[in-house]
Amino acid sequence: MTELATPPRPPRREFRNINAFTDLTTYRLPPAGIVSILHRVSGILMFLLLPFIIWMFDTSLSSDYSFARFKAAFNSGLGFVPGWFIKLVALALIWAYLHHFIAGLRHLWMDVSHAAVTKEFGHTSAMVTLALSILLTLVLGAKLFGLY
Amino acid sequence: MSVNYGSKRIVVGAHYGLRDWLSQRITGGLMALFTIILLAQLIFTRGPIGYDLWAGIFAAQWMKVLTFSVIAALLYHVWVGMRDVWMDYIQPVGIRLALQIFTIVWLVGCAGWAIQVLWKI
């Protein structure tokens, strides 16, 4: 019988597959992780709203008449959908595009710069991504809802 | 064959390297460039943005060609991204295949519509 060189350590909590219902409330996600999951969420949102995006592309470009219809959809609604709801969906798209755009540039920067691949830079650039995307969304959202 | 793995891998080879990782970056970069070009044309203009100005931007042939390549880039970029999402979260092969087929149909349909709109102007 040989003895163990080091005494066994007390068991530590292991996170393998996290459970969405029991672990998410206690799982601490760093800013870089929040940016990462929001990159996915914003991508999926834009994928699902692609027909709405192309509808906007279509009606705003096809003719003078359809351009007026495009504007009217945001102001007085379209069919049974009220204008404020269309504006809200557009605002969600604005956020998704801004977040995906800025987080994408962050990815590209980390791909070309070794200096950018550090824990510190990952943290600060994630904070900048979150702050910038939310700030620009607020600025453009205020314009969309006619606050200025 | 010489060493073709790890850091010695040829990124322009078939079925790896350029295909997903790099092509998603290149298509993303192209779409970012398009965004900046479109925004610049809207920002450096005077007066309210009406139909004539908006349609005029896309009437130029170079803008049509650029927008067409952006639609193609979007198609591929989103395909890689959505396929990654299905591979990460959907384990049953049948459901994953069905979702991948849905993604292809959805994306090709949307791209066709967008291209048709582009050449109406």
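Values reported hereafter were calculated over all heavy atoms of this structure, with side chains retained and with hydrogens, waters and symmetry mates removed. Each chain gets a letter, A, B and so on, in the order its sequence line appears, and its residues count up from 1.
No more than 12 heavy atoms of other residues, nucleotides or ligands sit less than 6.0 Å from atom CZ of A:Phe85. Heavy atoms from other residues, nucleotides or ligands lying under 6.0 Å from CE of A:Met127 number 12 at most. Counting heavy-atom neighbours within 6.0 Å of A:Tyr148 OH, excluding the residue itself, gives a total above 12.
Looking at B:Ile49, only its backbone comes within 4.5 Å of chain A, counting heavy atoms on both sides. Heavy atoms closer than 4.5 Å to chain A are found in the side chain of B:Leu74, but not in its backbone. Proximity to chain B involves both the backbone and the side chain of A:Ile54, based on heavy atoms less than 4.5 angstrom apart.
Put simply, the side chain of B:Leu118 does not reach to within 4.5 Å of the side chain of A:Leu61, judged on heavy atoms. Between A:Phe47 and B:Leu107 the shortest side-chain heavy-atom distance falls below 4.5 Å. Within the 4.5 Å cutoff, no side-chain heavy atoms of B:Asp52 are placed close to those of A:Phe67. Within the 4.5 Å cutoff, the side chain of A:Lys71 has no heavy atoms near those of the B:Tyr51 side chain.
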A:Asp58 vs B:Lys120, salt bridge (charged side-chain N to carboxylate O under 4.0 Å, His left out): CA-CA, chis, key distance, verdict:
CA-CA 9 Å; A:Asp58 192 348; B:Lys120 264 198 301 197; 3.1 Å; yes

Residue pair B:Val117, A:Trp55: steps toward the side chain to side chain contact (heavy atoms under 4.5 Å, CB included) verdict:
CA-CA 9 Å; B:Val117 169; A:Trp55 174 83; over 6 Å; no

Please walk me through it: do B:Thr35 and A:Tyr97 pass side chain to side chain donor-acceptor pair (under 3.5 Å)?
CA-CA 10 Å; B:Thr35 306; A:Tyr97 198 90; 2.5 Å; yes

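Once rounded to the nearest 0.5 Å, the distance linking CG of B:Asp88 with CZ of A:Arg40 reads 4.0 Å. Expressed to the nearest 0.5 Å, how far CH2 of B:Trp54 lies from CZ of A:Phe70 amounts to 7.5 Å. Atom CH2 of B:Trp113 and atom CD1 of A:Ile53 lie 10.5 Å apart (nearest 0.5 Å).
Hydrophobic clustering of Ile, Leu, Val, Met, Phe, Trp and Tyr side chains at less than 4.5 Å, counting indirect connections, keeps A:Leu135 apart from A:Phe101. No path of Ile, Leu, Val, Met, Phe, Trp and Tyr side chains, each step under 4.5 Å between heavy atoms, connects A:Val139 with A:Val128, placing them in separate hydrophobic clusters. The cluster map of Ile, Leu, Val, Met, Phe, Trp and Tyr, joined by side-chain heavy atoms under 4.5 Å apart, puts B:Phe102 and B:Met82 in the same cluster. Residues A:Leu50 and B:Ile101 do not share a hydrophobic cluster, defined by chaining ILVMFWY side chains whose heavy atoms lie under 4.5 Å apart. Put simply, B:Ile95 and B:Val93 are part of two different groups of oily side chains (I, L, V, M, F, W, Y) that touch within less than 4.5 Å, one to the next.
The most heavy-atom pairs under 4.5 Å with chain B, out of A:Ser66, A:Gly104, A:Ala68, A:Ser62, come from A:Ser62. Ranked by non-hydrogen atom pairs under 4.5 Å with chain A, the options B:Gly81, B:Ala55, B:Ala32 are led by B:Ala32. For chain A, the option among B:Arg25, B:Gln116, B:His77, B:Met31 with the highest count of heavy-atom pairs below 4.5 Å is B:Arg25.
Taking the six-membered ring wherever Trp is involved, the centroid distance between the rings of B:Phe58 and A:Phe57 falls below 6.0 Å.
Nearest heavy atoms, B:Trp106 versus A:Leu48: CZ2-O, 3.3 Å.
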